[in-house]
Amino acid sequence: MKSKIFCLAVLSFVINVNGYGQSKQPTKVLIQNVQIFNGLDNKTTQGNVLIEGNLIAKISTTSIPTANDQTIKVIDGKGKFLMPGLIDAHVHLMFESVPKLQAMTADFAMLNFIAAKASEKQLLRGFTTVRDLGGGSLSLAKAIDMGLAVGPRVYSSGAFISQTGGHGDFGLPTDVPRKIGELSYAERSGIVAVADGQDAVLMRTREQLRQGATQIKLMAGGGVASDYDPLDVTQYTDAEFKAAVVAAQNWGTYVTVHAYTPNAIKTAINAGVTCIDHGQLADEETAKLMAQKGIWWSLQPFLDDEDANPLPAGSPNRLKQIEMSKGTDDAYALAKKYKIKTAWGTDVLFDSESAKKQGKKLAKLSRWYTPFEILKMATSTNAELLGMSGKRNPYQKGKLGEITEGAYADLILVDGNPLENIDLVSDPENNFLVIMKDGVVYKNTLTR
């Protein structure tokens, strides 16, 4: 009897909390007199946009009558540039704004508080959707959707899955030999899942899906921020990758991997992985394989400049960073040459100052792409990648990354035309006049 009462109490709590989030209904909003970039076409159209609830209900080149409807909030866009909300395809909300040592040792509840503030700042930089590729953001993602925190839509992978000594193994040198079945605090908190062997990978993958992951993230090769793995090492076997891939496919979603080198990339692809994150050291043969298989390439504009994730000079991590960043130009050249489906993300880690440069890191793509190609990549193209999560996609009511009727009302009004000057996205504080997500206005400087 007591167990039944407890279950009913838990169910009541869940319903009440969910109700709290759902009770915050956005009003109807009419954005008039704007130059509309729809996220798909290399042009703008002078027009007006009507939002009802959290969706775009009507787009018109002529006036949209309000018929004295008192429920409609009217925003005069004053001829400014209206574009879809930006999408970052590679973030780590739990880690972006805390030093590495704190991220690995702090109480997980405190990390969630810090991450909640970081997510709010991302939204106010114009990023209305992000794909979180590891670090335990599942609770934060749910809290944002429930209205308990402010932030972008989050496609969360839950914990990143790593082999012992892999890119996700941030334990202390004294943590080995591990006692079989013994989990670290980071593992118990859902930050990382260290898994060795086909059965362990299968179980950890299923655990992330059970908890609500929209896609799965594995570590396929050496990394910069991790301490035990040189860049050249290949992590996980074909059988281990296949275990994760099959589990994800059974849930209608996909696996992406952290990988830099040709061997790590090819091993993952041959096992059924459909997205590669990073890949700076890929060669021509690998790029051809990616094109033939229709693999997504989620690239980051890593350069050895002032925007690189800060690392101690002369440290092994810094040397790996230099080696990796030397391949960035070649990687983008290969992606363009073979017309590989290319996404964009930032992958900021352990540095709140670097996180502030999210828009600048997007504008940095001008080294390889036109302003239109950049804006399309960070809106409708990234949205296409997110759609690979199939029925695990928590946002299926409307389209993301575009301004079309029936799409989600995730919008930015820009003071200037980023199709002509992409650097405008580098300074969202001054150049983004209105920021809307899910039909709710979170910033509006036009009413001052």
Side-chain angles (χ1 to χ4, degrees), residues 88-106 110-111 113-115 117-122 124-125 127 130-137 160 162 166-173 186 191-192 217 219 221-232 258-260 277-281 298-329 331-332 344-367 423 425-429:
D88 190 329
H90 193 131
V91 304
H92 299 280
L93 287 171
M94 305 303 294
F95 291 163
E96 70 154 47
S97 295
V98 293
K100 182 177 176 180
L101 181 61
Q102 184 180 7
M104 295 302 117
T105 59
M110 179 58 70
L111 289 180
F113 281 118
I114 297 171
K117 192 64 179 177
S119 70
E120 180 180 359
K121 292 177 180 178
Q122 284 209 12
L124 293 178
R125 290 194 290 266
F127 288 88
V130 299
R131 186 177 65 145
D132 189 289
L133 293 186
S137 64
F160 41 70
S162 169
H167 183 51
D169 185 351
F170 286 93
L172 297 173
I191 295 173
V192 59
K217 164 74 174 298
M219 303 305 191
V224 170
S226 45
D227 295 330
Y228 306 113
D229 52 342
L231 283 181
D232 62 285
H258 161 105
Y260 287 119
D277 271 80
H278 308 318
Q280 269 72 7
L281 302 179
S298 176
L299 263 168
Q300 298 72 41
F302 292 148
L303 298 171
D304 188 26
D305 59 11
E306 71 279 2
D307 298 322
N309 288 330
L311 293 167
S315 66
N317 304 88
R318 173 67 179 135
L319 295 177
K320 289 192 289 185
Q321 183 180 54
I322 294 171
E323 180 184 353
M324 175 274 297
S325 62
K326 287 179 180 179
T328 297
D329 281 319
Y332 276 109
W344 167 85
T346 51
D347 191 25
V348 173
L349 287 168
F350 312 133
D351 186 62
S352 58
E353 290 302 311
S354 183
K356 295 177 182 177
K357 301 175 183 178
Q358 199 169 8
K360 182 181 177 183
K361 295 171 190 286
L362 175 59
K364 189 171 291 189
L365 291 178
S366 61
R367 184 179 177 111
D423 287 331
V425 303
S426 299
D427 187 5
E429 183 176 356

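Count residues from 1 along the sequence.
- Taking both residues in full, the closest heavy atoms of Y332 and Q300 are given as OH-C, 3.4 Å, listed atom of the first, atom of the second, then distance.
- Not counting sequence neighbours, D427 has no partner by the salt bridge (Lys or Arg N to Asp or Glu O under 4.0 Å) test.
- In this structure, D88 does not pair ionically with R125, as no charged nitrogen and carboxylate oxygen lie closer than 4.0 Å.
- A salt bridge does not link E323 to K320: none of the charged nitrogens lies less than 4.0 Å from a carboxylate oxygen.
- Residues A103 and F350 share a closest heavy-atom pair of CB-CE2, 3.8 Å.
- H167 and S226 share a donor-acceptor pair across their side chains, judged by distance under 3.5 Å alone.
- Residues L133 and D277 share a closest heavy-atom pair of CD1-OD2, 3.4 Å.
- With sequence neighbours excluded, the residues satisfying ring pair (Phe, Tyr, Trp, His ring centres under 6.0 Å) with H92 are H90.
- Of all heavy-atom pairs between P301 and G345, the closest is CD-O, 3.8 Å.
- Between L349 and A225, the shortest heavy-atom distance links the atoms CD1-CB, 4.2 Å.
- Taking a cutoff of 4.0 Å between a charged side-chain nitrogen and a carboxylate oxygen, E306 and K360 qualify as a salt bridge.
- Between W344 and K361, the shortest heavy-atom distance links the atoms NE1-O, 3.5 Å.
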